[in-house]
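The structure under discussion appears below in the form of structure tokens.
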Number of protein chains: 2
Amino acid sequence: MGINERREREKQEMRNFILRTAADLFTELGFEKTSIRTIAEKIEYSPATIYLYFKDKNELFYAISQEAFQLFFKYFQTVSQDADPMKRLQGLGHIYFKFAFENPGYYDLMFILRAPMDVEETEDHWELGHQSHSVLTGLVNECIAAGYFKGRDPDVLSHLIWSTVHGIVSLKVRDRMKVYIEEERTDLIYQSLDLFNDILEKV
Amino acid sequence: MGINERREREKQEMRNFILRTAADLFTELGFEKTSIRTIAEKIEYSPATIYLYFKDKNELFYAISQEAFQLFFKYFQTVSQDADPMKRLQGLGHIYFKFAFENPGYYDLMFILRAPMDVEETEDHWELGHQSHSVLTGLVNECIAAGYFKGRDPDVLSHLIWSTVHGIVSLKVRDRMKVYIEEERTDLIYQSLDLFNDILEKV
DNA sequence: ATTTTTACTGAACAACGTTTATTAAAAAAA
DNA sequence: TTTTTTTAATAAACGTTGTTCAGTAAAAAT
């Protein structure tokens, strides 16, 4: 039955069309300010049509966040080939920065925004997040094997590293450095990461 | 003219009444889900009345955040009297944690949430944020004077410390640890802080 | 040719932040 | 004391928002 196949394909194409438009609009305007009606207008369909492909705005949220995590994981895979795992670990911080500042809307969605309404997460929804995290833990363990981080718990270390980089990034992404620092100091962001990377060698 | 004074007093009381109710509701429901209409119902006035005392929801946002920063600064002033500035600095992290986890709604408002609409900040709006930050920089400088952090830039160090603690806190407050860690691991939070404090001595 | 299924939409609902015309009460002026 | 003016509060409405549902026109199946 080629007809049913074509129909299924068209359905997926439509879903994808909505998703891409929504992701674009979201990147441009932020998630909160991107309304179903705006998306509908852009794809030249009625708002109700969107609900034939996505249960609600929440599901759209998770679908876009999936795309974001895919891109995030791609960034993570560009980790350097350096023989020293510490060098690779330090580079990972810069990769994290790169993703966050090149895709602040995505970053917001993934690590800061709460899902708009009630949550119903698939069990494997964070799969790529976990995989990205194991890139980090993998490097940490390699570092330990190479003699770094003597006597440290790799889980705690990984969580501290993730938190630190996320902390620097999120204060910038949410424009919250002004809360405690008077002047605009973008330099502090990169210097903090460099300092942290520097410290890591001595932990 | 005692009458005008009484009226001015009543006006302030009403403003305060709204503010306290709004802050309560916000702490309970979060800022986004606390509507002007809900506040109005709770104070048993019409929604329009609130607009006689606050320009818009934005102004309410900033007024509540002022209260939050006052409380935050109070917490910061409970820093220990230890002779070793490093000990005091390490204690400050725990104080930060205490504030954040005892007042997650406030923390959200201060360091994570963006103001809902257009921003019009008073110049001294972050005054208490800056003061809190100088408690940190003060301690960092004391540490340097005591022989710690040799050759490190105190501004960069302070920013790194703030970011790290904020990073740990905000991932928890926004329930985003699950993004990269499968199980619930509250222990990691405190262990990460302890590890970071431990590391600080060796920077 | 007729029935059934599909894809889509217009109109409506409830809740939101906000504005405006109006009213009732209080204060000031006569 | 009576009249005028100022004030405080509100009901009703506007333009949004996410979401639902009855209805429609076209396509597919019978």
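Predicted model, so just to flag it, every value in this text is computed and none were measured. Labels below follow one simple rule: chain letters A, B, ... track the order of the sequence lines, proteins then strands, and each chain is numbered from 1.
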Distance, rounded to the nearest Å, where B/Ile50 contributes CD1 and C/dT19 contributes P: 13 Å

B/Phe31 and its ring pair (Phe, Tyr, Trp, His ring centres under 6.0 Å) partner, picked from B/Phe61, B/Tyr106, B/Tyr62, B/Tyr107: B/Phe61

Nearest-Å distance for atom pair CD/C1', residues A/Glu10 and C/dA7: 11 Å

Spatial distance of atom CG (A/Asp194) from atom CG (A/Asp187) [nearest 0.5 Å]: 11.0 Å

Spacing of B/Tyr53 atom OH relative to D/dA8 atom P, expressed in whole Å: 6 Å

Between P of D/dT17 and NZ of B/Lys57, the distance in whole Å: 16 Å

Crowding at CD, A/Gln81 (>12 non-hydrogen neighbours, <6.0 Å): no

Integer-rounded Å distance: C/dG17 P and B/Glu59 CD: 15 Å

Per B/Ala48 side chain, nearest of listed nucleotides C/dT18, D/dA11, D/dC21: D/dA11

Proximity to the side chain of B/Tyr51 - top-ranked nucleotide from D/dG18, D/dT10, C/dG17: C/dG17

Separation of D/dG18 P from A/Phe54 CZ (nearest whole Å): 15 Å

Spacing between B/Met14 atom CE and D/dT10 atom P, to the nearest angstrom: 7 Å

N/O (side chain, B/Thr49) to phosphate O (OP1/OP2, D/dA9) under 4.0 Å: no

Enclosure of A/Glu41 CD (heavy-atom neighbours >12, cutoff 6.0 Å): no

Distance below 4.0 Å between A/Ser35 side-chain N/O and D/dT17 OP1 or OP2: yes

Touch class at under 4.0 angstrom, heavy-atom based, for A/Arg7 against every strand present: sugar-phosphate

B/Lys11 NZ - D/dT6 P separation (whole Å): 15 Å

